[in-house]
Structure formats: C-alpha cells, structure tokens
Amino acid sequence: MLTPFTQRALNIIRNIPEGKVLTYGRAAALAGKPRGARQISRFLHSMSEKHDLPWHRIINSKGKISLKQSHGYELQKALLESEGIKFSKSDTIDLKLYLAFDL
DNA sequence: CCACTGACTACTT
DNA sequence: CAAGTAGCCAGTG
C-alpha cells in the first residue's frame, strides 16, 4: 500500500513535460512533502518500469545527475539530451531553463 | 514494531 | 567550491 504522498509524487513525475526536468525536492514538495526527496528516488528505483515513469527527468537540487558513471549516469544524460536538454561544461543542467512547474 | 537503507537537501567547515 | 554532518521519511525485512 502506498501513501497519498507517494501516489501524488508518481502522478507528478508522470506529468513532467518532455524537455523539462524536476528535482527530487521539488517533486516531493509538489506532492506535499518538502522533505520527502529521498522517497522520490525510491519510487523511481522500484517502479520506474512498471509505471512508465520518466525517471531520467529527475535530477538533484544542484541540477546534476545523481547516478554513478557506470550505473546509468550516461544513459540518463543521453535521454535528457535527446529531449533537447543541454548540459553545461560540468554536466550541469540549468534549472532556471528546464525546471518544470516552476514558472 | 524496530532497525536499516537510500538516484536527497540544507547547513557547516 | 568540496567534503562532512544531521535531518528527513517511506519502503522493506
């Protein structure tokens, strides 16, 4: 059984427009738990495939990918780039431009 | 129910 | 700016 928070978070993530991203913290906040960032990552980990979640659109508060180089980092980066998102020199995404639901 | 874990965040050095 | 620390909260055993 999932909490309402989890369900809202899932719904929000599923609604991220292409070419946009959301940080764990923002997604959690929109779902009603400003401190539930860690849960977001858990959901993606266990249900990304089943729920058709665009897990690659979720990044950390610094605008960077949290995965490790040999653990999906490059895959996520490639997926984001294919949606039109540009990375800076340090593989950083400009949240001002790409953060969803933040305007 | 208690303990542990984690794709986090904010604060402090 | 990088590294360390504490707080957070739901899922899992």
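The figures that follow rest on heavy atoms only: side chains count, while hydrogens, waters and symmetry mates do not. Here is how names work: the chains are called A, B, and so on, in the same order as the sequence lines, proteins then strands, and each is numbered from 1.
- Residues A/Gly19 and A/Tyr98 share a closest heavy-atom pair of O-CD2, 3.5 Å.
- Comparing atom distances between the A/Trp55 side chain and each of B/dA10, B/dA7, C/dC9 picks out B/dA7 as nearest.
- A donor and an acceptor atom never sit less than 3.5 Å apart when one is taken from the side chain of A/Gln39 and the other from the base of C/dG11.
- Using a cutoff of 4.0 Å between basic side-chain nitrogens and carboxylate oxygens, A/Glu83 and A/Lys20 are not scored as salt-bridged.
- Straight-line distance from the CG atom of A/Leu53 to the C1' atom of B/dA7: 13 Å, rounded to whole Å.
- Summarising the geometry, the separation between CG on A/Asp91 and P on B/dA7 is reported as 19 Å, rounded to the nearest angstrom.
- Relative to the ring axis of A/Tyr73, A/Lys68 does not place its NZ or CZ within 45° and under 6.0 Å from the centre.
- For C/dG11, the base has no donor-acceptor partner in the side chain of A/Arg38 [N/O atoms by modelled type, under 3.5 angstrom].
- Distance CE (A/Met1) to P (C/dG11): 9 Å, rounded to an integer number of Å.
- Residue A/Ile40 contributes atom CD1, which lies 13 Å from atom P of C/dC9 at whole-angstrom precision.
- Remark: C1' of B/dC8 and NZ of A/Lys64 are 15 Å apart, rounded to the nearest angstrom.
- Rounded to a whole Å, the CD atom of A/Gln69 is 15 Å from the P atom of B/dA7.
- A/Leu2 comes within 4.0 angstrom of sugar-phosphate atoms only, judged by non-hydrogen atoms across all strands, and of no base.
- For A/Ser61, whose side chain is taken as the heavy atoms from C-beta onward, the closest listed nucleotide among B/dA10, B/dA7, C/dA10 is B/dA10.
- Between the P atom of C/dC9 and the NZ atom of A/Lys33 lies a distance of 7 Å, rounded to the nearest Å.
- The minimum heavy-atom distance between A/Gly36 and A/Phe5, with the atom names listed, is O-CZ, 3.9 Å.
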